[in-house]
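Here the structure comes first, spelled out in structure tokens, and everything after it is commentary.
In this text, all values refer to a predicted model and were calculated from it rather than measured experimentally.
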Amino acid sequence: MKIGTDIIQISRIERLLEKFGNTFKEKFLNDEEIKLLKRPESIAGFWSAKEAISKALGCGIGEELSFHDIVITKNHKGAPSFTLTKKAQKRHKIKESSLSISHDGGFAIAIVVIQL
């Protein structure tokens, strides 16, 4: 089992959205994720989730795993989960995972548990 966590100030995401708009979102979100996310708090949560996933995998965001290799979705109750692209899954071989995202007090946090 591997665990990853990340926390980010929501104001940091707000500043990036003000400065770069959709270009910023496109840097780390796919089209379906962009459609799903309306508020800066939620966008910060997805940023934090992707960082937490990369930390649990022990590689960070970079050559081995890009933001676009991670796809986050929500079920009908709003619970988040993620998948990796086929290429990334072949490299990282995740068997099971659990993802939790929360935001409060100006921060967004994500925790992921991964079984390899």
Side-chain angles (χ1 to χ4, degrees):
M1 300 291 277
K2 301 290 185 176
I3 298 172
T5 187
D6 190 72
I7 187 169
I8 188 168
Q9 283 187 304
I10 295 167
S11 62
R12 179 178 169 206
I13 296 298
E14 289 171 332
R15 285 191 305 275
L16 290 166
L17 287 168
E18 287 173 17
K19 187 172 183 177
F20 300 108
N22 279 341
T23 302
F24 167 67
K25 290 187 220 176
E26 292 165 356
K27 176 182 176 182
F28 77 100
L29 298 169
N30 69 35
D31 291 340
E32 292 304 311
E33 291 169 327
I34 290 171
K35 289 178 192 174
L36 185 64
L37 301 173
K38 305 298 180 211
R39 302 179 326 178
E41 297 89 343
S42 299
I43 295 168
F46 273 43
W47 175 280
S48 189
K50 291 187 179 200
E51 288 283 352
I53 293 161
S54 74
K55 290 174 183 178
L57 292 172
C59 61
I61 297 294
E63 188 175 315
E64 286 185 39
L65 185 74
S66 76
F67 282 121
H68 289 282
D69 285 329
I70 304 165
V71 180
I72 300 172
T73 57
K74 292 186 178 186
N75 71 13
H76 68 281
K77 293 183 179 182
S81 63
F82 74 94
T83 57
L84 298 181
T85 60
K86 287 181 183 184
K87 175 184 157 195
Q89 178 59 22
K90 187 175 181 179
R91 171 176 255 166
H92 296 288
K93 298 177 178 32
I94 295 173
K95 292 180 183 173
E96 290 188 49
S97 64
S98 182
L99 173 62
S100 180
I101 302 172
S102 188
H103 49 80
D104 189 30
F107 291 90
I109 187 169
I111 298 171
V112 65
V113 178
I114 293 173
Q115 181 180 358
L116 301 174

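Of the inter-residue distances, the one linking Ile61 atom CD1 with Glu51 atom CD reads 5.0 Å to the nearest 0.5 angstrom. Taken to the nearest 0.5 Å, the CG atom of Leu116 stands 6.5 Å off from the NZ atom of Lys2. The CD atom of Gln89 sits 12.0 Å away from the CD1 atom of Ile70 when rounded to the nearest 0.5 Å. Taken from CZ in Phe46 to CD1 in Ile13, the straight-line distance is 12.5 Å, to the nearest 0.5 Å. Note that CG of Asp69 is 11.0 Å distant from CG of Asn30, once rounded to the nearest 0.5 Å. In this structure, the separation between CG on Leu99 and CD1 on Ile72 is 6.0 Å, given to the nearest 0.5 Å.
The shortest heavy-atom contact between Phe28 and Lys50 is O-NZ, 2.7 Å. Residues Arg12 and Ile8 approach most closely at NH1-CD1, 3.6 Å, considering heavy atoms. Taking all atoms of both residues into account, the shortest heavy-atom contact from Ile10 to Ala44 is CG1-CB, 4.1 Å. Looking at every heavy atom in both residues, Glu14 comes nearest to Pro40 through CG-CB, 3.6 Å. A pairwise comparison of heavy atoms in Cys59 and Glu64 identifies CB-OE1, 3.5 Å as the closest pair. In this structure, Glu26 and Ile34 approach most closely via the heavy-atom pair CG-CD1, 4.0 Å.
With salt bridges taken as basic N to acidic carboxylate O contacts below 4.0 Å, none links Glu18 and Arg15. Using a 4.0 Å cut-off between charged nitrogen and carboxylate oxygen, Glu33 and Lys74 do not count as a salt-bridge pair.
No donor-acceptor pair under 3.5 Å is formed between the side chain of Gln9 and the backbone N or O of Gly106. Side chain of Lys87 to main chain of Leu84: no donor-acceptor pair is present (N/O by atom type, distance under 3.5 Å, no hydrogens or angles). In this structure, His68 contributes its side chain and Lys27 its backbone to a donor-acceptor pair below 3.5 Å. Distance alone, capped at 3.5 Å, places no donor-acceptor pair between the Lys55 side chain and the Asp6 backbone. Remark: the backbone N or O of Ala110 is paired with a side-chain donor or acceptor of Thr5 at under 3.5 angstrom. Remark: side-chain polar atoms of Ser102 are not paired, donor with acceptor, to backbone N or O of Ile109 under 3.5 angstrom.
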As a quick check of understanding, evaluate side-chain contact (heavy atoms from CB on, under 4.5 Å) for Ile53 and Phe82, giving each step before the final call.
CA-CA 9 Å; Ile53 293 161; Phe82 74 94; 3.6 Å; yes
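Heavy atoms of other residues, nucleotides or ligands lying less than 6.0 angstrom from NZ of Lys19 number 12 at most. Heavy-atom neighbours of Asp31 CG from other residues, nucleotides or ligands within 6.0 Å: at or below the threshold of 12.
Using a 4.5 Å heavy-atom threshold, the side chains of Ile94 and Leu57 count as touching. In this structure, the side chains of Thr73 and Pro80 stay at 4.5 Å or more apart for every pair of heavy atoms. At least one side-chain heavy atom of His103 sits less than 4.5 Å from a side-chain heavy atom of Arg39.
Clustering ILVMFWY residues whenever any of their side-chain heavy atoms sit less than 4.5 angstrom apart, transitively, puts Leu17 in the very cluster that holds Leu36. Under a hydrophobic-cluster definition in which Ile, Leu, Val, Met, Phe, Trp and Tyr are linked whenever side-chain heavy atoms come within less than 4.5 Å, directly or via other members, Trp47 and Ile7 are assigned to different clusters. Ile111 and Ile114 end up in different hydrophobic clusters when Ile, Leu, Val, Met, Phe, Trp and Tyr side chains are linked at under 4.5 Å. Cluster annotation: Ile101 is not connected to Phe107 through the hydrophobic network of ILVMFWY side chains, with a link wherever side-chain heavy atoms come within less than 4.5 Å.
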